[in-house]
There are 4 protein chains.
Amino acid sequence: MPNPDPGRRNESSRRAVLTATLDLLQEVPYARLSIEGIAARAGVGKQTIYRWWPSKAAVLFDAFLLLSETSSGESPRLPDTGDLRADLALVLKATAAELDDPRLSEPMRALATEVAHDEALAASYHERLDAPLRDAKRQRLRSAQEAGQLADDLDLDVAIDIIWGPVLNRWLQRGPVTDEYVDALLDTALSGLRPRRPAP
Amino acid sequence: MPNPDPGRRNESSRRAVLTATLDLLQEVPYARLSIEGIAARAGVGKQTIYRWWPSKAAVLFDAFLLLSETSSGESPRLPDTGDLRADLALVLKATAAELDDPRLSEPMRALATEVAHDEALAASYHERLDAPLRDAKRQRLRSAQEAGQLADDLDLDVAIDIIWGPVLNRWLQRGPVTDEYVDALLDTALSGLRPRRPAP
Amino acid sequence: MPNPDPGRRNESSRRAVLTATLDLLQEVPYARLSIEGIAARAGVGKQTIYRWWPSKAAVLFDAFLLLSETSSGESPRLPDTGDLRADLALVLKATAAELDDPRLSEPMRALATEVAHDEALAASYHERLDAPLRDAKRQRLRSAQEAGQLADDLDLDVAIDIIWGPVLNRWLQRGPVTDEYVDALLDTALSGLRPRRPAP
Amino acid sequence: MPNPDPGRRNESSRRAVLTATLDLLQEVPYARLSIEGIAARAGVGKQTIYRWWPSKAAVLFDAFLLLSETSSGESPRLPDTGDLRADLALVLKATAAELDDPRLSEPMRALATEVAHDEALAASYHERLDAPLRDAKRQRLRSAQEAGQLADDLDLDVAIDIIWGPVLNRWLQRGPVTDEYVDALLDTALSGLRPRRPAP
DNA sequence: TGCTAATCGAGACGGTACGTCAGGTCTTTAG
DNA sequence: CTAAAGACCTGACGTACCGTCTCGATTAGCA
């Protein structure tokens with residue numbers, strides 16, 4: 001059941017709106033993205049947008065959802081070669097690359113900032129976008145934990161924050177997220193800030 | 001000389017604009033903050049705002065600067081009792097408290113999201129707001145490092161990101177930043193994700 | 001057979017539309033009367049209206065027709081007591097009263113102004129509504145003429161215009177149509193503007 | 001003092017709006033005349049119209065006023081050759097010609113129908129447009145009355161209605177207003193409907 | 001009496017215009 | 001010369017209706 005909405009909603013209009021949104025985000029900054037502009041580009045009446053989405057942010061969210069579903073399978077998984085450090089580096093560097101690609105990063109930036117201002121959108125974001133990803137990350141970490149590569153008493157959600165939080169935060173503050181940064185981050189996070197005890 | 005602008009700029013108008021901005025942010029979400037609204041509240045002509053600030057974000061930035069200067073001294077310092085863990089917990093929990101107080105968090109949220117979208121503003125932000133804070137943090141960590149409480153080869157900037165990044169990220173995504181979270185984060189970050197003692 | 005339309009037209013829907021139109025005209029000014037509003041009030045699909053009427057004005061016209069048929073018999077007649085002056089005063093004062101009653105005057109005003117703008121509607125108006133009334137008026141005047149109360153060479157249609165034209169015109173321009181006005185009008189029209197007896 | 005409005009109203013914008021209104025009325029029926037269209041044609045922001053006029057009808061009224069001031073002097077007068085019948089015929093036929101010229105008749109029709117629906121506009125209409133004309137008509141009739149060409153006890157306002165009412169009414173109902181009609185009307189109105197007493 | 005085609009209520013759709021808000025520029029008046 | 005005030009053109013907002021177009025679900029005539 002791809003269409004959760006009742007009524008006689010026109011699927012092709014829905015797609016037109018979402019793709020128009022994504023297209024426009026490549027051309028104008030999010031602040032200049034207007035419902036009117038989306039409707040015009042999509043060849044759709046404004047009312048059709050207002051009928052099905054409560055806000056510009058909601059359109060953006062669905063557009064981003066469309067993008068995510070297209071780019072990846074339904075339930076994402078992290079690679080698991082047995083080498084946690086390598087797997088995480090791979091994923092983080094891929095993420096960093098996405099964050100550099102305007103096709104993904106512009107909608108993402110817009111979504112991130114809208115989430116910061118909109119409680120309801122934040123709930124949707126966590127439920128539909130963040131949770132599946134976080135599950136995949138947790139699963140990979142648990143696998144490593146079971147292999148003895150992570151501390152037994154490690155809080156995996158905190159661990160996820162320690163690995164991904166700095167990257168996202170740096171990106172949002174428009175700092176460069178280089179491969180070197182990822183490597184340094186992973187080394188530091190995995191080993192911890194304190195001195196390791198020298199082997200006796 | 002806190003006023004870098006030459007000419008016969010009217011300081012009382014400047015203050016009126018900035019305080020009006022902060023006041024309004026307590027009443028309306030940032031998206032609905034308008035130049036007209038600020039001018040009206042400040043009892044100032046619109047042109048006076050356009051004359052001295054290039055954008056709404058710039059006004060916001062100066063307003064936030066005013067707020068920071070008021071709340072703390074010019075060069076902030078982190079407490080240094082010798083107990084790094086305790087000092088960091090104190091600071092992070094204080095930060096978490098500020099992030100819960102709308103008087104600070106609303107302008108902060110607005111600034112953070114504007115920074116994400118505006119390269120020029122991001123530069124100002126890093127230079128005028130982030131850098132001094134980061135210096136203070138780095139200094140505290142260096143002190144700990146010299147006391148042997150942190151690894152000798154630790155990259156202090158990465159360490160700062162690992163400590164503060166998760167908190168800011170979580171806050172921006174509207175997750176609760178509790179004292180428990182801060183404690184768990186600090187424990188995990190300081191010790192690292194890997195087991196301290198590899199199984200023999 | 002009052003229903004000239006062939007096919008399987010639903011008479012109850014027709015009535016519902018027309019009475020909804022009349023009802024709404026008591027509540028909102030004609031300019032704000034909408035097809036959607038009529039359909040909703042009538043409990044009828046919009047298409048049903050568009051199927052059977054070419055325009056909002058056509059609906060109004062039929063609604064007015066319904067009103068006229070209800071209030072009077074099919075072929076109206078003017079009273080004929082032999083006293084022309086009295087009969088005309090009676091009729092004109094009754095008309096003035098109707099023009100003061102929103103139940104009739106609102107649809108009437110709407111119809112009159114639509115007629116002014118719509119050639120086709122004007123034709124229908126003259127054929128279906130005005131002609132029968134004018135016939136009745138002409139008949140009454142002819143009766144008076146035959147009784148020697150009106151000039152032999154009088155153009156009855158012009159006479160009708162001289163009697164009813166000022167009243168309708170005054171009403172449309174929102175001037176008060178009082179009994180006194182009717183009396184003065186009749187006296188003046190019947191006697192003419194010129195002095196009856198030229199000075200010797 | 002041609003500009004009764006306070007503030008810094010831009011006279012050229014005012015003129016542009018009014019002439020655009022008149023121009024558009026030559027191209028589209030009044031019902032299709034939109035504020036948006038006027039603003040676009042006049043090269044003016046919509047807000048400028050909404051700032052100075054309360055409704056589309058008010059714009060129309062001012063436009064018509066402009067037209068009237070242009071076509072005639074400030075205080076209009078009716079010709080007075082001493083021959084009342086001839087003077088009235090001249091004026092009425094000129095009026096009939098105007099009513100046939102779309103340049104005047106379209107705004108006039110629109111104004112007449114708006115007046116029918118809008119009490120406030122009707123007041124303005126009577127004060128600013130109807131009254132001066134009616135004064136001129138009354139003055140001409142009084143002159144005739146003093147010359148003994150009209151009955152001494154004639155109510156001049158009723159007389160005006162009897163002469164002009166039928167013409168306006170016929171025009172609004174889209175009947176043809178021919179010279180023959182005017183002649184018949186004048187003859188009948190001046191002499192009255194009743195038989196004249198034969199000279200003894 | 002059952003078939004089938006038109007009609008029905010409902011309402012989504014691409015549009016146009018509404019009347020309002022704000023953006024950023026410009027002009028006017030006062031100090 | 002600056003500042004408050006606010007008119008101006010522009011563009012987007014979110015809403016109301018337009019007239020057209022599907023949708024099942026009656027429902028009425030003919031077969």
Side-chain angles (χ1 to χ4, degrees), chain A residues 5-14 16 31-40 42-56, chain B residues 7-10 12-14 16 31-40 42-56, chain C residues 5-14 16 32-40 42-56, chain D residues 5-14 16 31-40 42-56:
Chain A
D5 294 296
R8 289 186 298 282
R9 181 165 189 176
N10 185 335
E11 176 63 16
S12 78
S13 290
R14 201 186 88 98
R32 290 227 189 130
L33 184 67
S34 67
I35 299 276
E36 206 140 278
I38 295 171
V44 141
K46 270 201 289 181
Q47 201 59 43
T48 298
I49 298 183
Y50 285 108
R51 190 159 20 235
W52 299 110
W53 289 277
S55 66
K56 191 174 72 168
Chain B
R8 333 197 186 170
R9 178 165 191 176
N10 184 334
S12 79
S13 289
R14 201 187 89 97
R32 294 177 52 187
L33 184 68
S34 66
I35 300 277
E36 289 211 339
I38 295 171
V44 141
K46 271 202 290 180
Q47 199 58 251
T48 300
I49 299 184
Y50 284 109
R51 209 183 334 263
W52 299 110
W53 288 276
S55 68
K56 190 174 73 167
Chain C
D5 294 298
R8 341 199 180 167
R9 179 165 189 176
N10 185 335
E11 176 61 15
S12 79
S13 290
R14 200 187 88 99
R32 291 177 54 186
L33 184 67
S34 67
I35 300 277
E36 289 213 340
I38 295 171
V44 140
K46 271 200 293 178
Q47 199 57 253
T48 299
I49 298 184
Y50 285 108
R51 200 172 356 248
W52 300 110
W53 288 276
S55 68
K56 190 174 71 167
Chain D
D5 294 294
R8 289 184 298 280
R9 181 166 189 176
N10 184 334
E11 176 61 15
S12 77
S13 290
R14 201 187 88 98
R32 291 229 188 128
L33 184 67
S34 65
I35 299 275
E36 208 140 276
I38 295 171
V44 140
K46 270 200 291 180
Q47 200 60 45
T48 297
I49 298 183
Y50 284 108
R51 192 164 14 239
W52 299 110
W53 289 278
S55 67
K56 191 174 69 167

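Chain letters run A, B, ... following the sequence lines, proteins first and then strands; every chain starts at 1.
- Comparing the end axes of the helix from E/dT4-F/dA28 to E/dG31-F/dC1, each fitted to five base pairs by superposing C1' atoms of four pairs onto the next four, gives an inter-axis angle of 20° (nearest 10 degrees).
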Under 3.5 Å, which N/O atoms of the protein pair with N/O atoms of nucleotides 20-24 of chain F?
from   : atom 1 : to      : atom 2 : distance (Å)
F/dC21 : N4     : C/Gln47 : NE2    : 2.1

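- Between C/Arg9 atom CZ and E/dC8 atom C1' the separation is 13 Å, expressed in whole Å.
- Regarding D/Glu11, its CD atom lies at a distance of 16 Å from the P atom of F/dA7, rounded to whole Å.
- When rounded to the nearest whole Å, the span between NZ of D/Lys56 and C1' of E/dA17 equals 10 Å.
- The shortest distance between the side-chain N/O atoms of A/Thr48 and the OP1/OP2 oxygens of E/dG14 is below 4.0 Å.
- Atom CD of C/Glu36 and atom C1' of F/dT15 are 12 Å apart (whole Å).
- Nearer the 5' end of DNA chain F, as judged by each residue's closest nucleotide, is the contact made by D/Gly45, out of D/Gly45 and C/Ser34.
- Phosphate proximity of F/dC9 to D/Ser13: present, with a side-chain N or O under 4.0 Å from OP1 or OP2.
- When distances run from any side-chain atom of A/Ile35 to the nucleotides F/dA4, E/dC13, F/dG14, the shortest one goes to F/dG14.
- Contact annotation: D/Arg51 reaches the phosphate of F/dC8 (side-chain N/O to OP1 or OP2, under 4.0 Å).
- In terms of position on DNA chain E, the residue among B/Pro54 and D/Gly37 whose nearest nucleotide sits closer to the 5' end is D/Gly37.
- Summarising the geometry, the separation between CZ on C/Arg32 and P on E/dG19 is reported as 10 Å, rounded to the nearest angstrom.
- Between A/Trp52 and A/Arg14, the closest side-chain pair of non-hydrogen atoms is not below 4.5 Å.
- B/Ile38 has its CD1 atom 18 Å from the C1' atom of F/dA5, to the nearest Å.
- Between A/Trp52 and E/dC13, a side-chain N or O to OP1/OP2 separation shorter than 4.0 Å is present.
- Between D/Lys46 and D/Ile49, every side-chain heavy-atom pair lies at or beyond the 4.5 Å cut-off.
- Rounded to a whole Å, the CG atom of A/Leu33 is 17 Å from the P atom of F/dG11.
- As judged by a 4.0 angstrom heavy-atom cut-off over every strand, C/Gly43 is placed among residues touching the sugar-phosphate backbone only.
- At distances below 3.5 Å, at least one donor-acceptor pair connects side-chain atoms of D/Lys56 with backbone N or O atoms of D/Leu33.
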